Novice: 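Handing you a structure now.
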Amino acid sequence: MEVFERADLAAAVVTAGGQHGNDPHNALQVCLQLQQQFSCVPADAVPMLAHQLHTTTGHITSLVSFYSFLSETPRGLYDLYISDSISDHMQGSRQLLHRLCLALGVRPGEPRLDGRVTVSPTYCTGLCDQGPAGLVNGHPLTRLDDSRIDTISRLIENAVPLDQWPRELFTVEHRIYRRDLLLGTPLERGDALRSIADQTPEEVLRELAASGLNGRGGARFPTALKWRMCREASSETRYVVCNADEGEPGTFKDRVLLADYADDVIEGMTVCARVIGAREGFIYLRGEYAWLRPHLEWVLQRRRGNDLLGDAILGDSNWQFDISIHMGAGAYICGEESALIESLEGKRGTPRNRPPYPVTAGYLQQPTVVNNVETLFSAAHIAARGSAWFGTSGAGGTKLHSVSGHCERPGIYEFPVGCSVGEVVTAAGGDGAIAVQVAGAAGELLLAEEFQRCIDLNTLKTSGSFIIFGPDHDLFTTTANFTRFFAHETCGFCAPCRTGTQLARSVVDRMAAGRAFGRDREAIDRLIDVTPALSHCGLGGTAMNPLRDLRDKCPQRYQALFSEDDTSVLHFDLEQELSEIKTLTGEIPEAEQ
Amino acid sequence: MTDTITIDDHQVPFEAGQTIMEAARAAGLYIEHLCYNPAYQPHGSCKLCSVKVDGVIQTACTMPAIAGQKVESDSPEMKSRRKTLVEMIFAEGNHYCAFCIKSGSCDLQALAYHLDMHENSFNHRYPVRVIDASHPDLILDHDRCIFCGLCIRASRDQDHKNVFTMAGRGKATRLAVNSETGKLGDSTIAADDAAAHVCPVGAIMPRRGAYSTPIGERYFDARGIDEIDNASGKL
Ligand SMILES: Cc1cc2nc3c(=O)[nH]c(=O)nc-3n(C[C@H](O)[C@H](O)[C@H](O)COP(=O)(O)O)c2cc1C
Ligand code: SF4
Ligand code: SF4
Ligand code: SF4
Ligand code: FES
Ligand code: FES
């Protein structure tokens with residue numbers, strides 16, 4: 001294993017700390033910088049970091065051990081992740097991962113002894129419309145197939161620097177197949193700001209309320225009400241946060257908005273800042289989207305130069321607002337708004353106790369609005385064009401859907417709120433689909449006979465993930481993938497979710513191996529009742545949805561997962577007992593950790 | 001006139017700022033709990049104190065009492081969920097009560113008796129966790145830690161030493177020690193710190209005290225966990 005010179009570490013810690021004001025609230029950002037430099041946060045650097053950032057070693061350790069994209073040991077020159085989220089899985093990501101590992105002579109998740117490379121499976125990288133996808137040193141890899149995998153392994157063996165890799169490996173397309181109100185009528189830069197410049201915050205809020213806009217992140221809370229509550233909370237300082245964590249498997253519309261419509265999103269934040277009285281805002285960008293950061297920084301800088309951001313917006317020195325970008329580091333839970341705020345403050349992303357809510361006590365305990373990327377994007381359009389315009393395609397406006405899975409045209413579809421599931425399937429060319437997963441792992445499985453259901457506020461909420469399953473798909477694969485996802489992503493704060501997701505995962509693993517018994521059936525029934533009911537946040541609240549849906553909607557498939565041998569009451573599970581030794585001997589690859 | 005809430009069939013008065021748990025305790029009503037301890041800020045992580053407040057499940061230890069609330073705590077539905085939850089917590093760690101030095105004065109074990117848990121219907125996980133025996137006066141046995149965070153709060157808020165922190169994520173969640181080596185022996189904790197005595201289970205234990213109180217005379221041998229005992233250090 002690579003040994004780092006203490007002097008190098010010390011220098012890196014001083015530099016990274018200094019660039020972040022030596023502020024413990026920036027501990028995560030500083031750790032990420034070390035990770036980039038050394039492909040890990042070396043143990044020797046932990047006390048140095050604690051000293052430099054005026055915090056404890058435990059604080060640094062708690063971060064490195066929490067975030068997936070921070071590691072204690074070096075991942076090597078090439079740090080690869082292959083997405084095994086369901087859309088990629090259906091396109092053979094598992095075989096590709098093994099092909100790559102075989103070619104490189106590594107096991108998934110384990111660094112090669114020469115320090116060259118680590119290949120790990122990961123969940124959704126937000127490239128579901130052009131998967132199987134992955135990341136190398138933070139850069140996106142798209143449309144992976146056998147030949148691309150072979151190219152990649154050759155490049156790595158020959159230690160070819162990333163900037164000399166063929167460009168087409170990194171090509172990300174932003175495919176929009178249906179444009180409606182928002183994507184169909186682009187905003188001029190500054191339109192929204194100019195149109196609210198002469199309005200009072202009250203007037204802006206009234207218009208926003210009249211538009212009926214509600215949160216596009218999934219919970220669908222009325223946006224105007226959120227802004228009003230924050231505005232009315234007593235404090236000198238307020239913050240706007242753009243939630244660009246987009247972690248829900250199968251969602252990528254925020255990626256497309258940030259890549260192609262960053263100005264509109266930032267304009268939405270600026271409108272919000274004016275309404276609530278904030279001078280500072282953050283974009284919390286998921287680690288998987290680190291490659292979007294240079295573009296976003298560039299847009300922010302351009303807007304500062306054009307008086308659309310900064311010290312005197314539209315030349316008005318009383319209108320000040322600026323935005324900085326904070327990186328996430330591979331933790332789905334950080335999309336939950338209070339966990340996101342903890343992460344912004346440089347801590348582990350565990351959801352807070354509520355009340356109080358972020359609108360009264362958010363970032364640094366100050367009133368904070370956290371909105372999804374698409375919510376802010378839509379708000380900018382409404383501010384520029386008015387609520388009546390927003391209603392022209394139908395009450396409640398339009399919503400973006402990220403469509404992936406078994407269909408002709410995976411990509412972005414903008415539909416009026418209230419469209420039916422079937423309309424989206426048809427538009428995407430998902431003929432013969434047997435089911436759709438709406439709203440991702442946390443959402444709901446809809447069978448073909450339910451395709452007439454409408455996607456709107458009351459009946460079917462969605463964060464925008466829309467995964468289509470074709471006639472040959474085994475729906476248990478989806479259940480298993482999602483159940484493992486939750487077991488991997490639970491933050492561990494509360495008992496019902498931390499323990500429940502592990503128990504569910506172990507049953508699903510045994511189902512997959514044909515070793516689930518009658519007592520497992522009861523265990524699942526109890527978990528489906530208890531975990532969502534008692535969990536602290538929405539992750540535990542939805543973690544049993546995949547098993548629940550399979551049980552309730554596909555009873556035949558579900559039954560078949562249990563072994564006939566119902567007499568087994570043994571607590572002892574031979575396979576489980578042997579799994580550790582089998583992993584060590586390479587009999588089972590630990591792809592799923 | 002004082003404001004009241006209703007907990008099951010009881011009218012319970014409360015003072016402004018009290019949580020449902022505090023109001024219940026003051027009225028002599030027991031609500032199951034593990035991570036709550038009246039001496040410290042609530043944590044809200046074990047979820048044993050989950051109750052229905054006007055139909056919505058909340059944790060009694062964090063939820064402020066508000067006049068007129070109807071709280072459902074002792075119903076068969078909530079009791080059965082708590083029992084399942086205790087089973088889940090047992091399945092997660094390594095609990096061998098039969099030869100655990102905390103046996104008889106352990107909150108988790110007492111809760112299991114209280115909730116009529118006789119066996120565990122979940123498969124145990126048997127995680128591999130390493131004991132920290134580096135401290136001359138204390139043992140940190142991670143096998144039994146339930147991540148209630150009480151030692152963290154006691155060390156931070158009462159001892160003002162900040163010896164502990166929570167690390168890891170999900171199933172790899174672990175209690176971490178704030179010292180250069182991560183070992184308890186290299187931390188500033190002392191045997192008479194509050195943090196050394198607050199653990200509701202047998203994860204942080206004093207050395208040399210083992211088995212000094214014979215079985216039959218231990219704390220919960222004399223009473224059930226639902227007998228609220230405001231006088232002793234126990235809850
Ligand atoms: C486990 C979990 C993950 C979440 N992930 C995201 C996310 O990636 N992006 C997002 O915008 N909201 C996410 N949310 C919802 C946020 O908590 C919050 O409701 C949202 O950011 C509010 O913005 P909105 O009102 O504009 O939708 C998540 C919630 C939970 C419980
Ligand atoms: S429900 Fe799960 S993710 Fe949410 S706080 Fe509890 S353990 Fe963490
Ligand atoms: S800590 Fe409590 S529950 Fe765990 S083994 Fe000891 S007595 Fe049993
Ligand atoms: S050691 Fe004890 S007090 Fe500390 S978190 Fe674990 S169970 Fe709670
Ligand atoms: S990257 Fe594949 S499901 Fe999102
Ligand atoms: S006692 Fe309330 S959540 Fe633990």
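As the structure is a prediction and not an experimental result, all values here were calculated from the model. By convention in this document, chain letters (A, B, ...) are assigned in the order of the sequence lines, proteins followed by strands, and residues within each chain are numbered from 1.
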Novice: Report which part of S45(B) has an atom under 4.5 Å of a heavy atom belonging to chain A: side chain, backbone, both, or neither.
Specialist: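 For S45(B), heavy atoms of backbone and side chain both lie under 4.5 Å from chain A.
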Novice: Applying side-chain hydrogen bond (donor to acceptor under 3.5 Å, both in side chains), name anything that partners Q58(B), two or more places apart in sequence or on another chain.
Specialist: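 Q58(B) satisfies side-chain hydrogen bond (donor to acceptor under 3.5 Å, both in side chains) with no other residue.
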Novice: Heavy atoms only, distances under 4.5 angstrom: which of A172(B), G182(B), S179(B), G168(B) has the most pairs with chain A? Name it, please.
Specialist: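 Ranked by contacts with chain A, first place is G168(B).
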Novice: Highest number of heavy-atom pairs under 4.5 Å with chain B: which of T490(A), L534(A), V46(A)?
Specialist: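 When all of T490(A), L534(A), V46(A) are compared, L534(A) has the most.
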Novice: With a 4.5 Å heavy-atom cut-off, do P64(B) and P355(A) have their side chains touching?
Specialist: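 Yes - at least one pair of side-chain heavy atoms lies under 4.5 Å apart.
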Novice: Which of the residues L63(A), T61(A), D529(A), T531(A) is involved in the greatest number of heavy-atom pairs with chain B at under 4.5 angstrom?
Specialist: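 The candidate making the most pairs under 4.5 Å is D529(A).
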Novice: Does anything in residues 76-93 of chain B reach chain A? List residues with heavy atoms under 4.5 Å apart, or say none.
Specialist: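 So the qualifying residues are M78(B), R81(B), T84(B), L85(B), E87(B), M88(B), I89(B), A91(B), E92(B).
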Novice: Could you go step by step and tell me if S68(A) and R169(B) meet the side-chain hydrogen bond (donor to acceptor under 3.5 Å, both in side chains) rule?
Specialist: CA-CA 9 Å; S68(A) 291; R169(B) 182 173 92 197; 3.0 Å; yes
Novice: Could you name the residues of residues 129-138 of chain B that have a heavy atom within less than 4.5 Å of a heavy atom in chain A?
Specialist: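 When heavy atoms of chain A are the reference, residues 129-138 of chain B contributes no residue within the under-4.5 Å range.
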Novice: Do you see a donor-acceptor pair shorter than 3.5 Å between the side chains of R354(A) and T62(B)?
Specialist: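 Checked: R354(A)/T62(B) side chains show no N/O donor-acceptor pair below 3.5 Å.
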Novice: Write down the atom of R498(A), the atom of F147(B), and the distance for their closest heavy-atom approach.
Specialist: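 Closest approach of R498(A) to F147(B): CZ-CD1, 3.4 Å.
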Novice: Which bit of A50(A) is near chain B, if near means a heavy-atom gap under 4.5 Å: side chain, backbone, both or neither?
Specialist: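 Neither the backbone nor the side chain of A50(A) comes within 4.5 Å of chain B.
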Novice: By a 4.5 Å heavy-atom criterion (distance strictly below it), what part of L48(B) contacts chain A: side chain, backbone, both, or neither?
Specialist: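 For L48(B), neither part sits under 4.5 Å from chain A.
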Novice: Are K171(B) and T501(A) packed together at the side-chain level, in the sense that at least one heavy-atom pair is separated by less than 4.5 angstrom?
Specialist: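 No. Closest side-chain heavy atoms not under 4.5 Å.
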Novice: Sort and list the pairs that fulfil side chain to side chain donor-acceptor pair (under 3.5 Å) and have at least one residue in residues 532-543 of chain A, not counting sequence neighbours.
Specialist: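 For residues 532-543 of chain A: H536(A)-K47(B).
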